[in-house]
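This report concerns only the one structure given below.
On a predicted model such as this, the values are computed, not experimentally measured, just so you know.
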Amino acid sequence: MKKLLLIIFLLIPLNVISAEKTKEEKVAKYVLENIQKDYVACYSFYKITAESFKKAGRDKQIIDGLEKGADVTLKFNHDLGEVLGMPPKIMAKKNKDQIDKFTKIAKKDFASLANQYGLMCKKLVENQKQRIDYWQAKGEKIIK
């Protein structure tokens, strides 16, 4: 976690949240907002997947790994939310809304949810820098 926060603070000038001026500041804010959204999505994905696996009687070790992934992504989600000045109630609502959305998808087609988020979330937990680089490259292209 300290690595992630260090990377974030290296990417962001101190005044990014209070007043966007330069392209670099806008890109840094874009990166933070999108990484935080990724953490919300991955937290929701891990929670739903863990619950589905519990109901299916899957191996406890797999379920424990999924729950650990949910804990890690929730922590990063809240850390970034705080950096962005997001109130805890708003963060909790975003989590709930995303879980509700993913639950509906999972009930219809769990495989599509797993295909869309499984690998991305695994990579996000294992290598946050890779996802930061992804959003930074995307931000550099779209922000003028």
Side-chain angles (χ1 to χ4, degrees), residues 1-12 15-20 23-144:
M1 169 155 133
K2 289 181 182 179
K3 274 184 173 177
L4 174 66
L5 291 177
L6 178 63
I7 291 169
I8 290 168
F9 288 117
L10 291 175
L11 286 174
I12 302 179
N15 63 348
V16 109
I17 295 169
S18 61
E20 295 180 58
K23 178 180 178 175
E24 292 79 19
E25 291 170 335
K26 290 177 183 178
V27 169
K29 186 174 180 187
Y30 176 84
V31 169
L32 284 178
E33 290 171 344
N34 282 288
I35 288 289
Q36 202 264 344
K37 289 176 187 175
D38 285 346
Y39 281 121
V40 170
C42 289
Y43 167 73
S44 302
F45 172 74
Y46 282 131
K47 288 299 279 185
I48 289 166
T49 304
E51 190 59 34
S52 295
F53 280 29
K54 281 180 191 176
K55 289 179 181 175
R58 297 286 183 128
D59 182 30
K60 182 168 173 24
Q61 187 175 0
I62 294 170
I63 295 166
D64 289 346
L66 291 166
E67 288 177 340
K68 183 178 180 189
D71 292 343
V72 168
T73 54
L74 181 63
K75 175 74 172 124
F76 286 147
N77 169 17
H78 280 274
D79 289 346
L80 285 176
E82 287 177 11
V83 169
L84 291 166
M86 197 177 295
K89 285 185 179 183
I90 299 294
M91 288 186 271
K93 174 133 177 53
K94 286 184 176 210
N95 288 335
K96 183 189 178 315
D97 291 348
Q98 190 70 44
I99 287 173
D100 292 346
K101 178 182 173 184
F102 280 8
T103 299
K104 288 177 185 173
I105 294 169
K107 286 180 179 178
K108 291 179 183 175
D109 187 5
F110 182 81
S112 70
L113 185 68
N115 285 336
Q116 186 172 357
Y117 290 96
L119 187 57
M120 187 275 286
C121 292
K122 181 180 185 303
K123 287 181 179 180
L124 180 63
V125 169
E126 293 175 352
N127 183 4
Q128 296 93 357
K129 185 177 179 336
Q130 157 266 325
R131 197 67 179 166
I132 290 168
D133 292 345
Y134 167 82
W135 285 117
Q136 185 163 7
K138 192 167 182 172
E140 293 285 343
K141 287 181 183 176
I142 64 171
I143 295 173
K144 303 295 178 206

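Of all heavy-atom pairs between Q98 and A41, the closest is CG-CA, 4.0 Å. Closest non-hydrogen pair, V27 versus E140, comes out as CG1-OE2, 3.8 Å.
For Q130, the CD atom counts as densely surrounded, since its 6.0 Å shell holds more than 12 non-hydrogen atoms of other residues, nucleotides or ligands.
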Quiz item: Can F102 and Q116 be said to form a side-chain contact (heavy atoms from CB on, under 4.5 Å), step by step?
Solution: CA-CA 11 Å; F102 280 8; Q116 186 172 357; over 6 Å; no

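Within the structure, the salt bridge (charged side-chain N to carboxylate O under 4.0 Å, His left out) test picks out the following pairs touching residues 102-124 (sequence neighbours left out): K122-E126.
R131 CZ to C121 SG: the interatomic distance, rounded to the nearest 0.5 Å, is 8.5 Å. Between the CE atom in M91 and the CD atom in Q36 there is a gap of 7.5 Å [rounded to 0.5 Å]. Rounded to the nearest 0.5 angstrom, I105 CD1 and I48 CD1 are separated by 8.0 Å. Put simply, CG on N34 and CD1 on I132 are 12.0 Å apart, with the number rounded to the nearest 0.5 Å. One finds the OH atom of Y46 at 15.0 Å from the CD1 atom of I63 (value rounded to the nearest 0.5 Å). In this structure, the separation between CG on N95 and CG on N77 is 5.0 Å, given to the nearest 0.5 Å.
Using bins of under 30°, 30° to 60° and over 60° for the plane-to-plane angle, the ring pair W135/Y30 lands in the perpendicular bin.
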Would you list the atom pairs, donor with acceptor, under 3.5 Å between side chains in residues 66-74 and any protein atom, with sequence neighbours excluded?
unit_1: E67; atom_1: OE2; unit_2: K54; atom_2: NZ; d: 2.6
unit_1: T73; atom_1: OG1; unit_2: Y43; atom_2: N; d: 3.4
unit_1: T73; atom_1: OG1; unit_2: G69; atom_2: O; d: 2.9
unit_1: T73; atom_1: OG1; unit_2: A70; atom_2: O; d: 3.1

